[in-house]
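Below, chains carry the letters A, B, ... as their sequence lines are ordered, and counting in each starts from 1.
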Amino acid sequence: MHDHHDHDLTFQADHDTGPASPYEVLEHAIRELLVEKGVLTNAEISEHIDKMATRNETLGAKVTARAWTDPEFKQRYLNDTRAALASMDIDIGDMAEYRVVENTPRIHNVIICTLCSCYPKLLLGYPPSWYKSVTYRSRTVREPRAVLQEFGVELPDGVEVRVHDSTADLRYIVLPMQPEETTDWPAEKLMAKISRDSLIGTSIPT
Amino acid sequence: MSQKKNELRSTAPDNTVHDVGGLDFGNVDMQEHDLAFWERRVDAMIVILANNRGAFKIDAMRRVIESYGEQQYDATTYYEKWCRALRNLLVEQGVISRDELAAKLAESRETMRSASRDVSGDDVPWNEGVWNEETNNS
């Protein structure tokens, strides 16, 4: 722990080792000023960080497994993603709408944000570094198959690849195809098949 | 790397600095990185200010991030961009002043040092190209 506010932030091991960078100092100074001025509180910051810790691949897998096993939920998830997530007590905030794109035997979807890093954060948590990288952002719209190959995804020629460029106001989530041999599996068991990357489109559940 | 990115961008001279779709910056580095505490706190402050307080919109964040030149855009990490944009917006909107911040930065360095934490480098520079004294008369 490096300063007197961090006692509120003991949600996991401290990663901030080594000398503080100028940006880390800047974060400290901005936060102290905002707290002093009553603009926000350290408790609010901790609450938000704790909330983000509950938004992750597991939550994405839970929603996806439900969609695989509950046709009514699946329709709602596809047609009104916000309402479907709300029905599972997942609040996606007011900043953006979410839209689900469904993989089929003929269509494989991939999500990206060419301009920045827009991502369904309130479902899947913070985006992976590579999602925010200029390499993924630049190439996926031009040569999606080549990028997917780098991720180990080989698509048959007959499959159409659809790349969805997210914006600050509209973020996409992939609904992957359920592996055939798992047809009768319960939702809890299916969750193990669903990775974060399969909800981005850079992996396929097998 | 920054130099290489500039050369790559020269194939699309009309694109702004963040508009990289369709260019070719090479293979994807798939290494995962956990966020540092300070990065999570920057994220939290921005979401609280934008979502709960309505202090600014994400569009405003992006305006600030995207107004930096190629060298600075490429040389800073994701949350460094966010942290700098947060500073600039708070000053632009008169929530904090440059002088207050300068004083607090000195205090923060002292706080960290007295907790036996080394502090590296100088304060994060202002981008005088997009950010000049006139914008800070609040």
Side-chain angles (χ1 to χ4, degrees), chain A residues 1-4 6 9 14-16 18-34 36-37 39-40 44-49 52 93-96 112 114-118 121 126 128-130 132-143 147 150-151 165 168-169, chain B residues 5 18-38 40-45 47-53 55 58-59 62 65 74 77-80 83-84 86-87 90 95-96 100-101 104-105 107-109 111-112 115 117-124:
Chain A
M1 294 298 121
H2 305 308
D3 65 66
H4 56 279
D6 278 353
L9 301 168
D14 189 346
H15 292 289
D16 302 358
S21 77
Y23 288 92
E24 192 178 337
V25 177
L26 179 58
E27 183 278 324
H28 186 277
I30 291 172
R31 177 162 43 91
E32 294 259 315
L33 281 174
L34 291 177
E36 275 173 25
K37 288 170 180 284
V39 176
L40 43 73
E44 276 179 302
I45 294 172
S46 311
E47 276 164 29
H48 182 77
I49 291 172
M52 284 306 294
D94 301 324
M95 285 190 344
I112 182 173
T114 58
L115 295 177
C116 181
S117 57
C118 298
K121 251 165 92 173
Y126 304 109
S129 290
W130 53 259
K132 304 182 284 185
S133 72
V134 288
T135 51
Y136 182 76
R137 287 163 48 196
S138 64
R139 287 178 49 231
T140 307
V141 285
R142 190 171 74 172
E143 44 177 5
V147 172
E150 282 177 41
F151 281 91
D165 196 358
D169 305 318
Chain B
K5 285 180 186 168
H18 60 291
D19 187 6
V20 299
L23 303 181
D24 183 355
F25 287 109
N27 287 1
V28 179
D29 173 2
M30 290 165 206
Q31 202 177 338
E32 304 277 339
H33 300 278
D34 261 356
L35 297 189
F37 270 172
W38 75 267
R40 290 170 203 261
R41 290 192 294 256
V42 167
D43 186 86
M45 284 194 279
V47 173
I48 293 165
L49 289 168
N51 209 5
N52 307 13
R53 298 286 187 282
I58 293 303
D59 300 25
R62 292 191 42 194
I65 290 169
D74 292 341
T77 67
Y78 185 76
Y79 278 105
E80 288 174 353
C83 187
R84 186 173 58 185
L86 174 61
R87 173 196 69 179
L90 290 171
V95 179
I96 62 177
E100 272 178 326
L101 183 62
K104 185 58 81 181
L105 282 165
E107 225 177 89
S108 291
R109 283 173 182 277
T111 303
M112 288 181 175
R117 184 94 197 277
D118 286 337
V119 180
S120 68
D122 298 324
D123 287 344
V124 176

>> Looking at chain A, which one of B:I65, B:D43, B:D59 has the largest number of heavy-atom pairs inside 4.5 Å, strictly under?
In response: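 With the most close heavy-atom pairs to chain A, the winner is B:D43.
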Can you tell me which of [options] forms the most heavy-atom pairs within a distance under 4.5 Å of chain B?
| options | value |
| --- | --- |
| A:D169, A:I30, A:L40, A:L26 | A:L26 |
| A:Y126, A:Y23, A:W130 | A:Y23 |
| A:L34, A:V25, A:V141 | A:V25 |

Give, for atom [atom1] of [X] and atom [atom2] of [Y], the distance between the pair rounded to the nearest 0.5 Å.
| X | Y | atom1 | atom2 | value |
| --- | --- | --- | --- | --- |
| B:R40 | A:S46 | CZ | OG | 12.5 Å |
| A:E27 | B:M45 | CD | CE | 4.0 Å |
| A:H28 | B:R117 | NE2 | CZ | 10.0 Å |

> Which answer fits A:V39, side chain, backbone, both or neither, if we ask what part of it has an atom under 4.5 Å from a heavy atom of chain B?
Replying inline: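 Its backbone and side chain both get close to chain B.
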> Can you say whether A:E36 sits under 4.5 Å from chain B via the side chain, the backbone, both, or neither, judging by heavy atoms?
Replying inline: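 The answer is the side chain of A:E36.
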Does any backbone or side-chain atom of [X] lie under 4.5 Å from a heavy atom of chain A? Answer side chain, backbone, both or neither.
| X | answer |
| --- | --- |
| B:R109 | both |
| B:L49 | side chain |
| B:L105 | both |
| B:N27 | both |
| B:L101 | both |

Test your reading of the model: is there a side-chain donor-acceptor pair from [X] to the backbone of [Y], 3.5 Å cut-off?
| X | Y | value |
| --- | --- | --- |
| B:R62 | A:A168 | no |
| B:R53 | B:I48 | no |
| B:S120 | A:A20 | yes |

> In terms of side-chain geometry, is the basic nitrogen of B:E100 or B:K104 positioned less than 4.0 Å from the acidic oxygen of its partner?
Replying inline: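 Answer for the salt bridge query: no.
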>> Using the side chain to side chain contact (heavy atoms under 4.5 Å, CB included) criterion, which residues pair with A:T140? Sequence neighbours excluded.
In response: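 Partners of A:T140 under the side chain to side chain contact (heavy atoms under 4.5 Å, CB included) test: A:V110, A:I112, A:Y136, A:V147, A:V163.
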